[in-house]
Amino acid sequence: MEPTIEHQQQGIALYIHWPFCLAKCPYCDFNSHVAQQIPQEAYANALVQELITSLTDIPKKPLTSIFFGGGTPSLMLPSTVQTLIDTATSLLPVSNDIEITLEANPTSVENQKLKDFQKAGVNRVSLGIQSLNPTALKALGREHSVAGAIEALSLAKKIFSRISFDLIYAREGQSVYEWENELKEALSLANDHLSLYQLTIEPGTLFAKQYQQGKITLPNEEISTTLLNMTETITGQYGLQAYEVSNYAKIGAQSRHNLTYWRYQDYIGIGPGAHGRVTIDQTLYATERHKNPQKWLKSVQENGHALCVKEALTSKDKAQEMLLMGLRLTEGVQAEAFAQRCGVDLMDAINQSMLTALLEENYLSWDNNYLKTTPQGRLRLNAILDVLLQ
Ligand SMILES: C[S@@+](CC[C@H](N)C(=O)[O-])C[C@H]1O[C@@H](n2cnc3c(N)ncnc32)[C@H](O)[C@@H]1O
Ligand code: SF4
C-alpha cells in the first residue's frame with residue numbers, strides 16, 4: 001500500500017481521551033478508571049477548554065481525523081461528542097473526507113446512543129468485542145455477552161458504513177484450531193476493518209500478578225508465530241489485508257487516524273494522559289497531558305490546559321520514533337519521508353552491519369525505497385529496533 005498524495009500532504013489528526021470505564025478489565029493498562037458517578041459536565045467543559053487552548057499556538061493545518069479513545073468513550077454524552085467535533089471543525093480547516101472514530105463497548109451502546117453519536121458527526125466506530133467465545137469473554141473480565149456484542153455490531157451496521165471491532169487472541173489455553181474457527185466467525189461478521197491483538201501481559205495489571213503466580217500461561221513464541229501467520233492468511237482470504245502488526249482492512253478502509261501515528265505525522269492529543277506530536281515553526285514537539293483524571297481536570301480548570309510535557313525532539317529522537325512506528329506497518333518506512341521528517345538520511349540513522357544481517361536473515365526487506373519488516377520480522381520488532389538503532 002503506497003502512501004497516496006492525500007496521505008503525504010501534511011494535515012493534522014486529533015485524539016481525545018475519555019478516561020472512564022464501567023469496570024477495569026484484568027489485562028488492560030490503558031489510562032482507564034472506574035468512577036462511582038462520572039462527572040460528565042465537568043469533563044465535557046474541560047475537554048472543550050483544553051481543545052481550544054491546544055489549538056491556539058499550532059499552525060492551522062487541515063484536520064484529517066478525530067479519534068475518541070479511552071477508556072470507554074461510548075460512555076460520553078453524545079452532546080459532549082458533538083460540542084468537541086463542532087469546536088475542532090470550527091477552529092481548524094477540515095479535510096473533505098475527515099474520519100471521525102469513536103471506540104464503543106458493546107455494554108455501553110444502545111441503538112439511540114449510536115444514532116446520536118452519528119448525528120454528532122461520528123462516521124466510524126470501533127467496537128471492543130474481544131472474543132466470540134463466552135468462556136473467554138468471562139476470563140477476560142468483560143461485562144458483555146457474545147450475543148450482546150453481535151447485537152451491538154448489527155446495530156452499528158445499520159448506522160455506520162465504517163465499522164471495526166477488536167478481538168484478543170493467543171489467549172490462555174486457546175488452541176490454533178479454536179482461534180481459526182473464532183477468526184472465521186469474526187470475518188463473516190466483519191465489515192471493512194478488524195483489530196486483532198495477541199494478548200500481552202502488561203505490568204501492573206491483574207493478569208500480570210496472576211502470570212507471576214503461574215496462574216496464567218501464554219502460547220510460546222512458535223505458537224504465537226503460527227497464530228499470526230494463520231491470521232494474516234485467513235484475513236487475506238476474506239479480503240482484509242494485514243496493514244499493521246494487529247490491523248487488517250479492506251483496501252481504502254485502513255484507519256486513517258492510526259496511520260497518522262504509524263506514518264509519524266502530526267497529531268494533537270487532549271484529555272488525561274494524551275500524547276501529541278505537533279510541529280510549530282519547523283520544530284516537532286512531543287506533548288503530554290497529566291495522566292490522573294482528577295489532576296488533569298484541576299489543571300484545566302485552573303490553567304485552561306493540563307499540558308505537563310512539551311519537549312522539542314532531536315533528529316535522533318525523531319529517527320527512533322519514526323522507525324518504531326513505521327516498521328509496524330506492512331508498507332514500511334519510506335526513505336524520502338524519513339529524511340524529510342527526521343532531518344537525517346535513513347541509512348545514516350541505522351546500523352549498517354545490522355541492517356545487512358537483518359536483510360540476509362529475512363527479518364527486513366528493502367523494496368523500492370521502503371524499509372520494511374517481513375511477517376517474521378514484525379513479530380520481533382523490539383529486538384530488531386534495538387539492534388538497528390545501536
Ligand atoms: C483502548 S482499548 C479499549 C477500548 C474499549 N474500552 C474496549 O474495551 O472495548 C483498545 C483495545 O486494546 C486491546 N487491548 C487492551 N489491552 C490489551 C492487552 N493486554 N493485550 C492485548 N490487547 C489489549 C483490546 O482489544 C481493546 O479493545
Ligand atoms: S479494555 Fe476497555 S473497558 Fe476494559 S479497562 Fe481497558 S479501556 Fe476499559
Side-chain angles (χ1 to χ4, degrees), residues 15-35 38 67-76 81 101-109 113-114 117 122 124-133 136-146 148-153 155-156 163-172 174 179 182-183 186 190 193-212 216-219 224 227-228 231 244-248 255 257-258 261 269 271-275 291 293 328 379 381-382:
Y15 175 77
I16 300 176
H17 190 78
W18 182 260
F20 301 110
C21 292
L22 291 177
K24 184 78 186 173
C25 303
Y27 52 84
C28 177
D29 79 337
F30 282 81
N31 188 22
S32 59
H33 305 263
V34 180
I38 300 173
F67 194 101
F68 292 90
T72 305
S74 48
L75 294 174
M76 291 170 90
V81 171
T101 306
L102 181 129
E103 279 181 346
N105 279 37
T107 22
S108 62
V109 289
K113 203 165 187 193
L114 280 183
F117 286 135
V122 172
R124 181 174 180 273
V125 283
S126 171
L127 282 169
I129 290 182
Q130 317 306 358
S131 174
L132 295 169
N133 174 312
L137 266 190
K138 222 177 220 153
L140 290 170
R142 297 296 290 185
E143 301 264 296
H144 63 265
S145 63
V146 173
I150 293 177
E151 159 97 22
L153 184 60
L155 286 177
I163 299 162
S164 179
F165 63 87
D166 297 351
L167 292 181
I168 297 179
Y169 71 106
R171 301 181 304 251
E172 150 108 89
Q174 187 184 34
W179 171 236
E182 191 176 347
L183 176 60
H193 192 286
L194 285 178
S195 298
L196 306 171
Y197 301 103
Q198 294 207 355
L199 178 64
T200 53
I201 300 296
E202 301 296 341
T205 60
L206 184 60
F207 270 14
K209 204 170 159 192
Q210 294 174 344
Y211 186 72
Q212 275 155 14
I216 296 182
T217 47
L218 289 186
S224 296
L227 287 168
L228 185 78
T231 303
E244 192 265 349
V245 178
S246 310
N247 284 277
Y248 303 81
S255 159
H257 184 84
N258 289 336
Y261 303 150
H275 290 234
K291 194 170 177 193
R328 300 184 63 86
L379 274 173
L381 209 48
N382 290 340

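All values below come from the heavy atoms of this structure, side chains included, with hydrogens, waters and symmetry mates left out. Remember, it's 1-based here, ligands and their atoms both numbered in the order they're listed.
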Heavy-atom nearest option to [atom], drawn from [options]:
{"atom": "atom 1 (C) of ligand 1", "options": "G70, P73, A170", "answer": "G70"}
{"atom": "atom 6 (N) of ligand 1", "options": "G128, G71, P106", "answer": "G71"}
{"atom": "atom 2 (S) of ligand 1", "options": "F207, F30, Y169, Y197", "answer": "F30"}

For [X] and [Y], indicate whether the former's side chain and the latter's backbone hold a donor-acceptor pair under 3.5 Å.
{"X": "R142", "Y": "G128", "answer": "yes"}
{"X": "T72", "Y": "L75", "answer": "no"}
{"X": "Q130", "Y": "L140", "answer": "no"}
{"X": "K113", "Y": "M76", "answer": "yes"}
{"X": "S74", "Y": "N105", "answer": "yes"}
{"X": "H17", "Y": "N31", "answer": "yes"}

Contact check: E103 vs ligand 1, nitrogen or oxygen atoms, below 3.5 angstrom
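No; every N/O pair is 3.5 Å or more apart.
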Judging by distance only, is a nitrogen or oxygen of T200 under 3.5 angstrom from one on ligand 1?
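N/O-N/O distance below 3.5 Å exists for this pair.
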Below 4.0 angstrom from a heavy atom of [X], which ligand 1 atoms are there? Numbered from 1 as shown, please.
{"X": "E202", "result": "19 (N)"}
{"X": "T72", "result": "6 (N)"}
{"X": "R142", "result": "7 (C), 8 (O), 9 (O)"}
{"X": "Q198", "result": "20 (N), 21 (C)"}
{"X": "L199", "result": "20 (N), 21 (C)"}

Using a strict 4.0 Å cut-off to heavy atoms of N105, name the atoms of ligand 2 that fall inside it.
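It comes down to these atoms of ligand 2: 3 (S).
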Enumerate the atoms of ligand 2 whose separation from the nearest heavy atom of R142 is less than 4.0 angstrom.
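Numbered from 1, ligand 2 contributes 1 (S), 2 (Fe), 3 (S), 4 (Fe).
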Less than 2.8 Å from atom 6 (Fe) of ligand 2 is the window; count the protein N, O or S atoms in it.
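My tally for this metal is 1.
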Would you mind reporting whether W18 and V81 have side-chain heavy atoms less than 4.5 Å apart?
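Counting from C-beta outward, V81 and W18 never come under 4.5 Å.
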If you define the side chain from C-beta out and look only at heavy atoms, does anything of S246 sit under 4.5 Å from S195?
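No. Closest side-chain heavy atoms not under 4.5 Å.
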Under the criterion side chain to side chain contact (heavy atoms under 4.5 Å, CB included), I'd like the reasoning laid out for F207 against D29: C-alpha separation, chi angles, the key distance, then a yes or no.
CA-CA 10 Å; F207 270 14; D29 79 337; over 6 Å; no
Run the side chain to side chain contact (heavy atoms under 4.5 Å, CB included) test on L199 and Y27 for me, step by step, so that the C-alpha distance in whole Å, both residues' side-chain angles and the decisive distance to 0.1 Å come before the verdict.
CA-CA 8 Å; L199 178 64; Y27 52 84; 3.9 Å; yes
[atom]: the protein heavy-atom neighbour that sits closest, reported with distance to 0.1 Å:
{"atom": "atom 16 (N) of ligand 1", "result": "Y27 CD1, 3.4 Å"}
{"atom": "atom 25 (O) of ligand 1", "result": "Q130 OE1, 2.7 Å"}
{"atom": "atom 11 (C) of ligand 1", "result": "D166 OD2, 3.3 Å"}
{"atom": "atom 7 (C) of ligand 1", "result": "N105 OD1, 3.0 Å"}
{"atom": "atom 23 (C) of ligand 1", "result": "I168 CD1, 3.9 Å"}

Short side-chain donor-acceptor distance under 3.5 Å, T101 and E103
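Short answer, no.
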Evaluate side chain to side chain contact (heavy atoms under 4.5 Å, CB included) for E182 paired with R171, printing each intermediate quantity in order.
CA-CA 12 Å; E182 191 176 347; R171 301 181 304 251; 2.8 Å; yes
If you look at every heavy atom in P203 and A208, which pair is closest and at what distance?
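Smallest heavy-atom distance, with atoms named: CA-CB, 4.2 Å.
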What closest approach, in Å, do V125 and L114 show between heavy atoms, and which atom pair accounts for it?
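Result for this residue pair: CG1-CD2, 4.4 Å.
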Can a non-hydrogen atom of A23 be found less than 4.0 Å from any atom of ligand 2?
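Right, A23 reaches ligand 2.
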Start with the C-alpha distance between S255 and R124, add both sets of side-chain angles, then the distance that settles side chain to side chain contact (heavy atoms under 4.5 Å, CB included), and finish with yes or no.
CA-CA 9 Å; S255 159; R124 181 174 180 273; 3.7 Å; yes
